[in-house]
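Keep in mind it's a predicted model, so treat the numbers as computed, not measured. Each ligand, and each atom within it, is numbered from 1 in the order the structure gives. In what follows, every heavy atom counts, from backbone to side chain, and hydrogens, waters and symmetry copies are set aside.
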Amino acid sequence: MGKKPVVVVNGKAREDALAYLAEHVEIRQWTEATKMPRETLKEWLREADGLWSVRPLDIDGDLVKDAPNLKVVAQPSVGYDNVKVDELTAAGIPFGNTPGVLNETVAELAFTLIASASRRIYENMNFVTDGQWPKQPTGCVVGKDLSRRTLGIIGMGGIGVSISRRARAFGMTVLYNNRHPRNDDNLYMTTYKSLDELLALSDVVCVMAPLTDETYHMCDAEFFKEMKSDALFVNVGRGKIVDTDALVDALNNGEIDYAALDVTDPEPFPADHPLLKTGKALIVPHIGSYTDRTRYEMCILTADNIIAGVNQKPLPACVNEEVNYKE
Ligand SMILES: NC(=O)c1ccc[n+]([C@@H]2O[C@H](COP(=O)([O-])OP(=O)(O)OC[C@H]3O[C@@H](n4cnc5c(N)ncnc54)[C@H](O)[C@@H]3O)[C@@H](O)[C@H]2O)c1
Ligand SMILES: O=C(O)[C@H](O)CO
């Protein structure tokens with residue numbers, strides 16, 4: 001039997017998925033508690049056929065330029081704003097991500113944020129844990145309905161569609177903004193609006209777009225001024241889509257009512273950040289896809305991307321399908 005292809009894993013990854021991958025390749029994993037130094041990673045890649053990217057890792061042409069045998073890079077996420085895909089394409093390296101398998105799970109988290117923030121679950125639970133059970137009806141923090149209110153989704157891709165289905169089941173009117181209006185059955189009773197219209201009409205605005213040059217700081221001071229003053233702002237896309245200082249100002253000035261975030265800028269988010277001092281934010285630490293089953297499926301898809309790549313076969317989920325595979 002010939003030598004197995006070598007795949008570098010630059011940090012901690014699910015052991016069950018690595019065990020599956022190890023049936024096909026030889027794994028060289030960075031197991032130190034500290035982040036793998038970039039120069040060491042470049043050194044290891046000189047001998048490698050594949051890279052399983054553990055985030056945060058900036059992936060670009062420089063990282064792979066001295067890796068003559070590298071045939072694939074893959075990571076267990078759908079977002080790939082850490083990757084200069086065109087530079088991998090130029091180097092003849094396909095890049096694999098994990099679309100689809102996480103749609104329902106991330107939509108469940110987005111909807112959990114929408115519902116929990118609307119009913120002020122966090123603040124109301126604090127009454128209970130503090131032994132301050134409130135006198136009804138005025139003592140508690142009064143919430144807002146979801147039914148008969150309007151949700152505006154920015155970024156109507158795989159996850160946006162799954163969020164819109166949940167919102168309709170809760171009796172919400174659903175609007176969306178996307179690069180292009182969509183025309184498919186998934187968007188039943190969901191209406192395309194320009195960004196300005198969506199912001200003016202929505203009671204809940206949910207960002208589910210990728211981070212790109214175009215979306216960086218899309219949610220700025222002007223954006224929040226265009227929202228309704230009693231609206232909820234939700235971000236499950238990427239933290240850097242939001243100008244966080246502008247969000248703090250908008251909450252403090254009453255331009256919007258509340259924010260619920262799965263993603264922040266920066267990550268990790270500092271415990272003494274002014275956003276947490278507004279008392280108007282529900283924040284969780286980027287857990288959108290974190291259920292055991294979904295993370296397993298994402299990691300198995302990552303392994304399958306790598307197995308295909310090292311064998312110079314088309315990846316099951318390839319971002320740069322146009323790549324000319326290395327000979
Ligand atoms: N919080 C989490 O754990 C988590 C989990 C999964 C995905 N994400 C983020 O969500 C993003 C979307 O995931 P997806 O699987 O739905 O991707 P997708 O590619 O299926 O959908 C993204 C949609 O956003 C639209 N879009 C792009 N630029 C836009 C813009 N400027 N304005 C409006 N719409 C725009 C695209 O046209 C596309 O329809 C990912 O790129 C990732 O950054 C976060
Ligand atoms: O993009 C994704 O898939 C999530 O943010 C997890 O990294």
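- The shortest N or O to N or O distance between V106 and ligand 1 is not under 3.5 Å.
- Atoms of ligand 1 lying under 4.0 Å from at least one heavy atom of V263, given by number and element, are 1 (N).
- Proximity annotation for atom 39 (O) of ligand 1: of I154, N178, I163, N178 comes nearest, heavy atoms only.
- The shortest N/O to N/O separation between D262 and ligand 1 falls below 3.5 Å.
- Note on D203 versus K228: salt bridge recorded, some NZ/NE/NH1/NH2 to OD/OE distance being below 4.0 Å.
- Ion pair R238/D81 flagged as a salt bridge, since at least one NZ, NE, NH1 or NH2 atom sits closer than 4.0 Å to an Asp/Glu carboxylate oxygen.
- Looking at every heavy atom in both residues, M298 comes nearest to T98 through O-CG2, 3.3 Å.
- Here the heavy atom of the protein found nearest to atom 7 (O) of ligand 2 is S77 CB, 3.4 Å.
- The shortest N or O to N or O distance between D81 and ligand 1 is not under 3.5 Å.
- Here's the thing with H286: one of its N/O atoms is less than 3.5 angstrom from an N/O atom of ligand 2.
- Using a 4.0 Å heavy-atom cutoff, G237 is listed among the residues neighbouring ligand 1.
- With values rounded to the nearest 0.5 angstrom, D62 atom CG is found 9.5 Å from K84 atom NZ.
- Atom numbering of ligand 1 starts at 1 in the shown order; those under 4.0 Å from a heavy atom of H286 are 1 (N), 2 (C), 3 (O).
- Here is the list of ligand 1 atoms found below 4.0 Å of a heavy atom in S289: 3 (O).
- The contact set between ligand 1 and M156, taken as ligand atoms under 4.0 Å from a residue heavy atom, comprises 39 (O).
- Residue G160 has no N or O atom closer than 3.5 Å to an N or O atom of ligand 1.
- Taking R119 as the reference, nothing meets the side-chain hydrogen bond (donor to acceptor under 3.5 Å, both in side chains) condition, with sequence neighbours excluded.
- Annotation: V78 places an N or O atom under 3.5 Å from an N or O atom of ligand 2; distance criterion only.
- Among protein heavy atoms, atom 20 (O) of ligand 1 sits closest to G158 N, 2.9 Å.
- Set against the non-hydrogen atoms of L102, the atoms of ligand 2 under 4.0 Å away are 3 (O).
- Near E214, meaning under 4.0 Å from any of its heavy atoms, are these atoms of ligand 1: 31 (N).
- At a cut-off of 3.5 Å, with distance as the only test, no side-chain donor of R149 or T173 sits close to an acceptor on the other residue.
- Every atom of ligand 2 with a heavy atom of R55 under 4.0 Å away is listed here by number and element: 7 (O).
- With a 4.0 Å heavy-atom cut-off, ligand 1 is reached by the side chain of L102 but not by its N, CA, C or O.
- At least one heavy atom of R238 sits closer than 4.0 Å to an atom of ligand 2.
- Among P210, G288, S77, G157, the residue whose heavy atom lies closest to atom 24 (O) of ligand 1 is P210.
- Nearest protein neighbour of atom 32 (N) of ligand 1, counting heavy atoms only, is N177 OD1, 4.0 Å.
- Side-chain contact, Q29 with T31: no donor N or O sits under 3.5 Å from an acceptor N or O.
- Counting only N and O atoms by type, the side chains of E197 and N177 include no donor and acceptor under 3.5 Å apart.
- Across L261, V236, V207, heavy-atom proximity to atom 4 (C) of ligand 1 is greatest for V236.
- Take V54 and apply the side chain to side chain contact (heavy atoms under 4.5 Å, CB included) test, not counting sequence neighbours, and it matches V9, N10, W52.
- Atoms of ligand 2 found under 4.0 Å from any heavy atom of G79, numbered from 1 in the order shown, are 1 (O), 2 (C), 3 (O).
- Remark: R182 is not positioned above the aromatic ring of Y176, lacking an NZ or CZ atom under 6.0 angstrom from the ring centre and at most 45 degrees off the axis.
- At a 3.5 angstrom cut-off on N or O pairs, V78 does not count as close to ligand 1.
- For ligand 1, the polar-atom distance check against T215 finds no nitrogen or oxygen pair separated by under 3.5 Å.
- Remark: aromatic rings of Y20 and H24 are close, center separation under 6.0 Å.
- Distances from atom 13 (O) of ligand 1 to the heavy atoms of I159, T98, V101, N235 show the closest one on I159.
- Classified by interplanar angle (parallel below 30°, tilted 30° to 60°, perpendicular above 60°), the ring pair F170/F111 is tilted.
- Side chains of D265 and T244: no donor on one and acceptor on the other come within 3.5 Å.
- Remark: the backbone N or O of D245 is paired with a side-chain donor or acceptor of D243 at under 3.5 angstrom.
- Contacts between M208 and ligand 1, counted as non-hydrogen atom pairs separated by less than 4.0 Å, involve both the backbone and the side chain.
- Residue contacts with ligand 1, taken as heavy atom pairs separated by less than 4.0 Å, involve R179 via backbone and side-chain atoms alike.
- To the nearest 0.5 Å, atoms CG (D249) and CG (D220) are separated by 11.5 Å.
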